[in-house]
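Working notes for the structure below.
Chain naming here is simple, since letters A, B, ... match the order of the sequence lines and numbering starts at 1 in each. Just the heavy atoms: all of them, side chains too, but no hydrogens, waters or symmetry mates, feed the values below.
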There are 4 protein chains.
Amino acid sequence: MINIDARSSTPIYEQIVIGIKELILKNILSPGDKLPSVREMASTLTTNPNTVSKAYAELERMRIIETLRGKGTFVSAAFTPKIEDEKIQSLQDDLKKIILDAHYMGIDYDKLADLLKQSYIELSGKKFLRGEQN
Amino acid sequence: MINIDARSSTPIYEQIVIGIKELILKNILSPGDKLPSVREMASTLTTNPNTVSKAYAELERMRIIETLRGKGTFVSAAFTPKIEDEKIQSLQDDLKKIILDAHYMGIDYDKLADLLKQSYIELSGKKFLRGEQN
Amino acid sequence: MINIDARSSTPIYEQIVIGIKELILKNILSPGDKLPSVREMASTLTTNPNTVSKAYAELERMRIIETLRGKGTFVSAAFTPKIEDEKIQSLQDDLKKIILDAHYMGIDYDKLADLLKQSYIELSGKKFLRGEQN
Amino acid sequence: MINIDARSSTPIYEQIVIGIKELILKNILSPGDKLPSVREMASTLTTNPNTVSKAYAELERMRIIETLRGKGTFVSAAFTPKIEDEKIQSLQDDLKKIILDAHYMGIDYDKLADLLKQSYIELSGKKFLRGEQN
DNA sequence: GTGGTCTAGACCACG
DNA sequence: GTGGTCTAGACCACC
């Protein structure tokens, strides 16, 4: 279910974090669902249990998943995010970087905005585009 | 001119790369303009010359700047980017990550698209918005 | 009567121990009173009997409750605690940790002392505040 | 400087976290001061570098320390804590547990309040007792 | 069975 | 020299 690229520069544990966030956003994992055990996921990803553990720990810190002692790890009930200005700042920095990268690949605003929409659709279907006629 | 945050998790040399790309996109640096020497920039940024060197090397690898033996480093003439599928893939991965982060910050598609447009305007004025009525 | 939070990081058996201590301090359970059987309590708390068993064992080790063969488990007669230096040391360590946590939450001494008093009142009414005019 | 009890049930990495918080509160470590490197501290504590790393990572998450790439780890400038209700709740739970423990050691409110004050003085001198005559 | 902690030892990017 | 990541393998508390 989760794709790991061992050659990527983004750490494996972070790829797992991203992968799980993605599965949740795609509704493949729903609140209350049990995640594979650390060992299980480690063996399916052919990675080290510690690495999976680190990913789970980070997701738990973000309140995205929660562990029930001795029972396993589960997707949390939908939570209400609190918007922190400082995080938004880092989001804008990321956006800026993407714009710069795109520019030097010959991708202009219209095309990038399109890529953004495409990614959204790919991630969560068209359901998010409430304000538009598609 | 370039803002370095020593506490940031993005490497300093990359912050320099981003900073220079940004200056070029903003037309503060134009093709043919001379960049400060490695030592000069290192001292104005109070950073290690090796770090600046690495940034320049990366920019040169991208053909964004070029060094003329004994004369210095200059912004390259406007170049025709070739779109490489593999790079586009990484761009989409970055977009995906941003979408996920935004989602868990309570930021939906409309708002994120808005932030993207804002970042564009901040970087290069409205000149890029050719196709729209603003 | 006892509140169990499966998501908490404190073990369930310990939450039970705390809960029973609390009931006793609040005089809801008095010396001589019979506790529910292990199975009974396990089913009301929807937890594992082994877990309740462990809690009872710990409470018995502390002489707070006692089991009478074939009759059940009972709250012990008021006991005369012996102050053990080593336990006081661990109490002070706990206090130290609380002070540090509080400090990094922006809570100063006065406020923390106040919270302590509040917790006391909540646990046992004002009866303990003999030396003060409240 | 930091005392590690390998036999304690609180994890080593957490003892390190507590120890460093304590050193800061005692003004033995001040904002801007450099912490020993991970390897250094690991060797002085005769523990594993990973364990120290975990402690540092947690302290960084709390904004108490920060790492400068390639330079080391430093105590952050004094930060403004934001009070979160949920954290206060957990603080009160901790207080409740302490009260119960103390009660079964024969320690009443007055004595516990006294221990609290003592711990404060030990940690930060009397400077915090602004509102009292000592 | 579950996750959490720890060790020993290795490699890498960064400055 | 700095911290960050990863592996392999072990032990433990909890349910």
Side-chain angles (χ1 to χ4, degrees), chain A residues 4 6 8-16 34-42 45-60 65-74, chain B residues 4 6 8-16 42 45-55 58, chain C residues 4 6 8-16 42 45-55 58, chain D residues 4 6 8-16 34-42 45-60 65-74:
Chain A
I4 299 301
S8 163
S9 68
T10 73
I12 295 176
Y13 82 90
E14 200 179 337
Q15 294 185 47
I16 297 175
K34 187 180 183 308
L35 292 177
S37 81
V38 168
R39 292 162 174 83
E40 214 179 324
M41 172 150 293
L45 299 183
T46 56
T47 185
N48 190 291
N50 284 328
T51 305
V52 177
S53 208
K54 189 170 181 178
Y56 279 19
E58 183 148 342
L59 285 163
E60 190 165 9
I65 65 177
E66 51 194 7
T67 88
L68 269 49
R69 332 231 356 157
K71 293 194 171 173
T73 310
F74 301 81
Chain B
I4 299 300
S8 164
S9 68
T10 71
I12 293 176
Y13 85 91
E14 200 179 337
Q15 294 185 47
I16 297 175
L45 299 183
T46 58
T47 185
N48 192 306
N50 289 331
T51 308
V52 178
S53 226
K54 188 166 182 179
E58 178 133 349
Chain C
I4 300 299
S8 163
S9 67
T10 71
I12 293 177
Y13 84 89
E14 199 179 336
Q15 294 185 46
I16 297 175
L45 299 183
T46 57
T47 185
N48 192 307
N50 289 329
T51 306
V52 177
S53 226
K54 188 166 182 178
E58 177 132 351
Chain D
I4 299 300
S8 163
S9 69
T10 73
I12 294 176
Y13 82 89
E14 200 178 337
Q15 294 185 46
I16 298 175
K34 187 179 184 307
L35 292 177
S37 81
V38 168
R39 293 163 174 83
E40 214 178 324
M41 173 152 291
L45 300 183
T46 58
T47 185
N48 191 293
N50 284 328
T51 306
V52 178
S53 208
K54 189 169 182 180
Y56 279 19
E58 183 148 338
L59 284 163
E60 190 165 9
I65 66 177
E66 51 195 7
T67 89
L68 268 50
R69 335 232 352 160
K71 293 194 172 174
T73 311
F74 301 82

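- Dashed line: the shortest gap from a side-chain N or O of D/T51 to OP1 or OP2 of E/dT7 is under 4.0 Å.
- Rounded to an integer number of Å, the gap from CZ of A/F74 to P of E/dT2 is 11 Å.
- If you take CG of A/L45 and P of F/dT5, they are 18 Å apart, rounded to a whole angstrom.
- The CD1 atom of D/I16 sits 9.5 Å away from atom CG of D/L59, with the distance rounded to the nearest 0.5 Å.
- The closest side-chain heavy-atom distance from D/I65 to D/Y56 is below 4.5 Å.
- Remark: D/S53 is in phosphate contact with F/dG4, judged by side-chain N or O atoms under 4.0 Å from OP1 or OP2.
- Remark: C1' of F/dC15 and CD1 of C/I16 are 11 Å apart, rounded to the nearest angstrom.
- Each of A/K34 and D/N48 was matched to the nucleotide of DNA chain E holding its nearest heavy atom; the match closer to the 5' end belongs to A/K34.
- Between A/K71 and D/N50, the residue anchored nearer the 5' end of DNA chain F, judged by the nucleotide with its closest heavy atom, is D/N50.
- Atom CD in D/E58 sits roughly 13 Å away from atom P in E/dG4 (whole-Å rounding).
- Put simply, CD on D/E40 is 11 Å from P on F/dG1, counting in whole angstrom units.
- At the phosphate of F/dG1, neither OP1 nor OP2 sits under 4.0 Å from any side-chain N or O atom of D/S37.
- Residues that satisfy the side-chain hydrogen bond (donor to acceptor under 3.5 Å, both in side chains) test with A/E40, not counting sequence neighbours, are absent from this structure.
- Counting heavy atoms from C-beta outward, A/L35 and A/M41 have side chains that stay 4.5 Å or more apart.
- An OP1 or OP2 oxygen of F/dC15 is reached within less than 4.0 angstrom by no side-chain nitrogen or oxygen of C/T47.
- Between the OG atom of B/S8 and the CD atom of D/E66 there is a distance of 11.5 Å, given to the nearest 0.5 Å.
- The OH atom of A/Y56 sits 12 Å away from the C1' atom of E/dT2 (whole-angstrom rounding).
- Rounded to whole Å, the distance from CG on A/L68 to P on E/dG4 is 12 Å.
- Remark: A/Y13 pairs with A/P11, A/T51, A/K54, A/A55, A/E58 by the side-chain contact (heavy atoms from CB on, under 4.5 Å) rule, at least two apart or across chains.
- Applying the side-chain contact (heavy atoms from CB on, under 4.5 Å) test to A/K71 and every residue at least two apart in sequence or in another chain returns A/L68, A/F74.
- Annotation for B/Q15 and B/T10: closest pair NE2-O, 2.9 Å, computed over non-hydrogen atoms.
- Across the protein-nucleic acid pair, D/I65 atom CD1 and F/dT2 atom C1' stand 13 Å apart, rounded to whole Å.
- Stretches of at least 3 consecutive Watson-Crick or G-U wobble pairs, with each checked distance under 3.5 Å, appear in DNA chain F as E:1-14 with F:1-14.
- In this structure C/S53 satisfies the side-chain contact (heavy atoms from CB on, under 4.5 Å) test together with C/V38, sequence neighbours excluded.
- Taking both residues in full, the closest heavy atoms of D/R69 and B/A6 are given as CG-O, 4.1 Å, listed atom of the first, atom of the second, then distance.
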Strictly under 3.5 Å: I want the nitrogen or oxygen pairs between protein and nucleotides 11-14 of chain F, one per line.
residue : atom : partner : partner atom : Å
F/dC14  : OP1  : C/Y13   : OH           : 3.3
F/dC14  : OP2  : C/K54   : NZ           : 2.8

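- Comparing D/T73 and C/T10, the nucleotide of DNA chain F nearest to each residue sits closer to the 5' end for D/T73.
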